[in-house]
Amino acid sequence: PAVSGPPVAATAPAVSPAAPDVIARLKLQALVWSEAPQQRMVFINGRKYVEGQTVEDDVRLEAITETGAVLTYRGRRFELKQ
């Protein structure tokens with residue numbers, strides 16, 4: 001079934017009930033993508049992050065793509081886009 005709400009992958013509703021609140025607070029404001037992973041960065045909620053960093057609570061930035069950021073929350077993946 002289709003789920004409305006913040007831009008998350010289909011796996012997000014299976015996460016704990018607190019997850020939508022955590023995810024909904026995340027705003028991707030800027031993205032710098034490069035073929036060289038060490039040069040990639042995103043700004044989420046006004047702070048700079050690189051791949052592998054913890055963004056908030058149990059949210060971890062797994063990868064930065066050309067179109068968004070792939071994050072995990074307690075083992076569940078979702079993509080944050082501008």
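Quick caveat: nothing in here was measured; it's all calculated off a predicted structure.
The salt bridge (Lys or Arg N to Asp or Glu O under 4.0 Å) pairs that include a residue from residues 60-70 are Arg60-Glu62, where partners are two or more places apart or lie in different chains.
Taking the side chain to side chain donor-acceptor pair (under 3.5 Å) definition, one finds that Glu51 meets it with Arg40, sequence neighbours left out. Considering only residues two or more places apart in sequence or on other chains, Thr54 meets the side-chain contact (heavy atoms from CB on, under 4.5 Å) condition with none of them.
Transitive grouping of hydrophobic side chains (ILVMFWY, heavy atoms separated by less than 4.5 Å) brings Val22 and Ile44 into a common cluster. In the hydrophobic cluster analysis, where Ile, Leu, Val, Met, Phe, Trp and Tyr join through side-chain heavy atoms closer than 4.5 angstrom, Leu71 is grouped together with Trp33.
A donor-acceptor distance shorter than 3.5 angstrom exists from the side chain of Asn45 to the backbone of Lys27, with no hydrogens or angles considered. A donor-acceptor pair under 3.5 Å is absent between the side-chain atoms of Thr72 and the main chain of Gly75, judged by distance alone. Of the possible donor and acceptor atoms, one in the side chain of Gln53 sits under 3.5 Å from a partner among the backbone N and O of Val50.
Taking each heavy atom of Ala69 and Leu61 in turn, the nearest pair found is CB-CD1, 3.7 Å. Residue Ser34 comes nearest to Gln39 through the heavy atom pair OG-OE1, 3.2 Å, listed as atom of the first residue, atom of the second, then distance.
Annotation: the span from Tyr49 atom OH to Glu56 atom CD amounts to 7.5 Å, rounded to 0.5 Å. Between the CG atom of Leu80 and the OG1 atom of Thr65 there is a distance of 10.0 Å, given to the nearest 0.5 Å. Of the inter-residue distances, the one linking Glu79 atom CD with Leu28 atom CG reads 9.5 Å to the nearest 0.5 angstrom.
The side-chain heavy atoms of Leu26 and Phe78, taken from C-beta on, include a pair separated by under 4.5 Å. Looking at heavy atoms from C-beta onward, Val32 lies out of side-chain contact with Val42 at the 4.5 angstrom threshold.
Salt-bridge check for Asp57 with Arg25: passed, with a basic side-chain N closer than 4.0 Å to an acidic carboxylate O.
Summarising the local packing, CD of Gln38 is surrounded by more than 12 heavy atoms from other residues, nucleotides or ligands at distances under 6.0 Å.
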